[in-house]
Amino acid sequence: MPALLQRLRQRLTARDHGLLVLRRAGRTAIVMPGTFALCDQVIGNPEMALFAAFGSFAMLMLVGFGGPMRQRMQAQASLAVVSSLFVCLGTLASQAAWLACLAMAVLGFGVLLAGAVSSVLAGASTSLLLSFILPVSLPGTASDVPDRLAGWGLAAVVGLLAIRLLWPEPAADPLRGKAVGACRALAARLRSEDEASPDHERIVRDAHRALDELQRQFLTTPYRPTGLSASDRAVVRLVDELNWARRVIVHSLPIPDDSPNLAARRARIAAANVLGHGADLLAAPRTSPDALHTASAELRAALFALERDAADVLPPLSGRGPENGTGASTVSPDEPDEPDDRQVTEVIDALEPSFRAHELAFVVGAIGDNIDAAARAERRTWVQRLLGRQTTGLPGTLSAAQERVSAHVDPHSVWLHNSVRGAVGLALAVLVANLTDVQHAFWVVVGALSVLRSNALSTGQNALRAVLGTLAGFAIGALLLLPIGGDTTPLWFLLPVTILVAGIAPAVISFAAGQAAFTLELVILFNILQPTGWRVGLVRIEDVAIGCGVSLVVGLLFWPRGAGAALNTALSQAYTASSRYLAAAVEFGMRRPGSRPASTAVEAKRQAVRAASAARRMDDAFRQYLTERGAKTTPLAEFAMLIGGVIGLRLAADTVLDLWERDGDQAFGEGSAARPTQLPYAQLRHTLLRRTWQVTHWYDDFARSLDGGRPVPRSLDQDADADRALVRALREDLRDKHGIASATAVRAIWTGDHLSALRRNQPTLVQPVLTTGLAHGERAPD
């Protein structure tokens, strides 16, 4: 026996990290029998007792909010209010079968779709659905509302006290903690590179480990690991930005003290300071933000100096070009017009350190702004929170919720599919239960809810597990009830034990074991209310089988391919949207400064919103794929690499757009004012837009290959002719009367560097598709 207990303990700690499941099950095992006994034995109201029991189960077992205790209590109180409202609505809708079916469809769809907004709503969706399923499945009238509401309200109030007093979870935010560690690790890596630290290799390994842990924490959370609060929304954006910062650092080289790129070195040092002070503020958001503000100001100054001084490190751009307003050439007519490879290499290489420093400064500046916004949100007073006052730079709660939900109003959204499937399944279960006049219609609907998954195969597998688990629970219950007979006293002692096992079994043993324990719990509960022996278990088998059949039919009819196929589609849409965003950003930059039409800026912003929405759908499809049962045909690492490609493409567009938004008339340099109005700026525009078209066209083809539309395209080779054309365009269009490149020339070369980086990333995207057979593994002909 001690050895068995030891093995059970090891299994529990291995599968229940932090013993969170055990905490919830333990609280429920105490509260649920207590409220049930109070209503049944003391007050003598069976209806109130039933709702008190299931209210305790819904408020304590089916939901577990995270974060500080204050936030948990607020979320729990909100859940109590909304679920109590659902109890009232469900009771009123239960008076007519058609009304019950329609109400279940509408409310079920709304609750499930709202889960796309945050982990708080997603984690509470089952509890909210249960608060409506129970009353709508038990026919009642308006006179039944007070008793039902009293039972549910009692469970909600006692549940709040239990969460606060009975073995409360320590306040922890895993994502925030991992983000703090990642910021500090990246700051240490930057400092070790520029200071030539002897522990540099160890620091690099630590940085990679910290970023990998942050990414793992984010990706393995079944729902979006943030709430709707301003602080949570700011923190979650750090995941992509920190991973992008790592990519930039990996591709950059340390800058020695004697380098002519002193502005780039200062930018890297300032970025390290922002990361370090940002980590301190993120860990303790109520402390003074002055250190981060000072470091951010220094980073902005370094960024502007970097853009101002970058042209100084460029070699003079020789070639034909106007010396002054008369159009006289600065060079001899005999000088070759076409730049040679040496000139091209000198120009591109000269700006490489400053380009990488600019990339790093941009993303670290965004990281610092997000951390500052999160801290300011944490420092709001209770009144400001109550009134919904948001911090500068973040949308309000309602607008953020609308933005996230609107991202899933798309025919290919996995979350939309599951919301429609769940709503139809629950409504159909309510209708079948009413038409067949089963004894306990409630279990038909719960049976459908418990087994619906993202594809028909998983639904069928879970239906079989549910029925087998129910059979096992019924058999155990029958064996227990035979010697007990009509004596309910032993059942009161067994009820807390079965509740505890029912709470632990799904996480520690299996879904079927959880169904068995839950069936046994209900057999005991209903026999206390109305002793009928083993027949209660038999009725539950019948009802659950009907519910499972309903869920299987719905799973076969609605999008049966599952999350794997939907993830391919979501990836394809995300690549397409991000590619269009990049094209719009470059198009905006290639308009003449001071004469850019407002439509180009509007179009770029519109494409940015579309790319962000597609990225959200991709993220949710990936999470659904992670939680889907069964073998994964494509390794998660390969999908993660493809998702990283989308992030890189979209963030490159962010950088290009930000780069050109700061470009003004003065960017043309000292000699620009004397240039004629027919300045051949079109040469530069044509060169960069052609280069952009090549890159975005490849990503569009790659996106179609992911969705089965065409073979996987071959990776683009680095185009030396494109670099030569860019240098020629700069030499003709964007140098002053002394042959010195302007700030716009620097921005143009940096834009070309971003496009080149996206070319270099293509083989890392093609290889996973070809090696895993994703998109049929076909390759386009040469």
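Below, each value reflects all heavy atoms present in this structure, side chains not excepted, and no hydrogens, waters or symmetry copies. Along the sequence shown, residues carry numbers from 1.
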Between [X] and [Y], what is the shortest heavy-atom contact and its length?
{"X": "Cys183", "Y": "Ala279", "result": "CB-CB, 3.7 Å"}
{"X": "Val586", "Y": "Leu688", "result": "CG1-O, 4.5 Å"}
{"X": "Leu242", "Y": "Ala179", "result": "CD1-O, 4.1 Å"}
{"X": "Ala267", "Y": "Ala302", "result": "CA-CB, 3.8 Å"}
{"X": "Ala182", "Y": "Leu214", "result": "CB-CD2, 4.0 Å"}
{"X": "Leu303", "Y": "Ala361", "result": "CD1-CB, 3.8 Å"}

Residues Asp753, Ser756; criterion side chain to side chain donor-acceptor pair (under 3.5 Å); working and verdict: CA-CA 5 Å; Asp753 284 338; Ser756 296; 5.1 Å; no

So how far is it from [X] [atom1] to [Y] [atom2], rounded to the nearest 0.5 Å?
{"X": "Leu306", "Y": "Leu299", "atom1": "CG", "atom2": "CG", "value": "10.0 Å"}
{"X": "Glu201", "Y": "Ile203", "atom1": "CD", "atom2": "CD1", "value": "10.5 Å"}
{"X": "Ile371", "Y": "Arg176", "atom1": "CD1", "atom2": "CZ", "value": "9.5 Å"}
{"X": "Met618", "Y": "Ser578", "atom1": "CE", "atom2": "OG", "value": "7.5 Å"}
{"X": "Arg189", "Y": "His208", "atom1": "CZ", "atom2": "NE2", "value": "4.5 Å"}

Lys/Arg-Asp/Glu bridge criterion (N-O < 4.0 Å) met for Arg209, Asp206: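 Asp206 and Arg209: salt-bridged.
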
Stepwise side chain to side chain contact (heavy atoms under 4.5 Å, CB included) test for Arg246 and Asp212: CA-CA 11 Å; Arg246 169 168 61 171; Asp212 291 341; 3.1 Å; yes

Side-chain contact test, heavy atoms from C-beta onward, threshold under 4.5 Å: evaluate it for [X] versus [Y] and give yes or no.
{"X": "His754", "Y": "Phe355", "answer": "yes"}
{"X": "Leu755", "Y": "Thr692", "answer": "yes"}
{"X": "Asp280", "Y": "Thr287", "answer": "no"}
{"X": "Trp698", "Y": "Val766", "answer": "yes"}
{"X": "Phe702", "Y": "Leu642", "answer": "yes"}
{"X": "His277", "Y": "Leu281", "answer": "no"}
{"X": "Arg191", "Y": "Leu275", "answer": "no"}
{"X": "Arg617", "Y": "Gln573", "answer": "yes"}

Worked check of side chain to side chain contact (heavy atoms under 4.5 Å, CB included) between Leu190 and Ile269: CA-CA 7 Å; Leu190 281 173; Ile269 295 173; over 6 Å; no

Would you mind writing out the side-chain donor-acceptor pairs for residues 648-657 within the sub-3.5 Å range, not counting sequence neighbours?
residue, atom, partner, partner atom, Å
Asp654, OD1, Tyr581, OH, 2.5
Thr655, OG1, Leu651, O, 2.9

Leu758 and Leu582: CA distance, side-chain angles, deciding distance, side chain to side chain contact (heavy atoms under 4.5 Å, CB included) verdict: CA-CA 11 Å; Leu758 293 173; Leu582 176 66; 3.5 Å; yes

Verdict with supporting geometry, Gln762 and Arg714, side chain to side chain donor-acceptor pair (under 3.5 Å): CA-CA 9 Å; Gln762 290 168 1; Arg714 294 183 60 85; over 6 Å; no

If only atom types and distance count, is the side chain of [X] paired as donor or acceptor with the main-chain N or O of [Y] below 3.5 Å?
{"X": "Ser579", "Y": "Tyr575", "value": "no"}
{"X": "Arg23", "Y": "Pro168", "value": "yes"}
{"X": "Ser192", "Y": "His200", "value": "no"}

Sequence neighbours excluded, every pair satisfying salt bridge (Lys or Arg N to Asp or Glu O under 4.0 Å) that has a member inside residues 357-370: Arg247-Glu359, Arg356-Glu359

Short side-chain donor-acceptor distance under 3.5 Å, Trp660 and Thr751: yes

Pair Leu211-Lys178, side chain to side chain contact (heavy atoms under 4.5 Å, CB included): steps then yes or no: CA-CA 8 Å; Leu211 267 296; Lys178 300 294 185 185; over 6 Å; no

Side chain to side chain donor-acceptor pair (under 3.5 Å) between Ser715 and Arg760, worked out: CA-CA 8 Å; Ser715 302; Arg760 289 193 297 269; over 6 Å; no

Tyr699: ring-ring contact (aromatic ring centres under 6.0 Å, His included) partners, not counting sequence neighbours: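 With sequence neighbours excluded, Tyr699 shows a ring-ring contact (aromatic ring centres under 6.0 Å, His included) to no residue whatsoever.
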
Within 6.0 angstrom of Arg184 CZ, more than 12 heavy atoms from elsewhere: yes

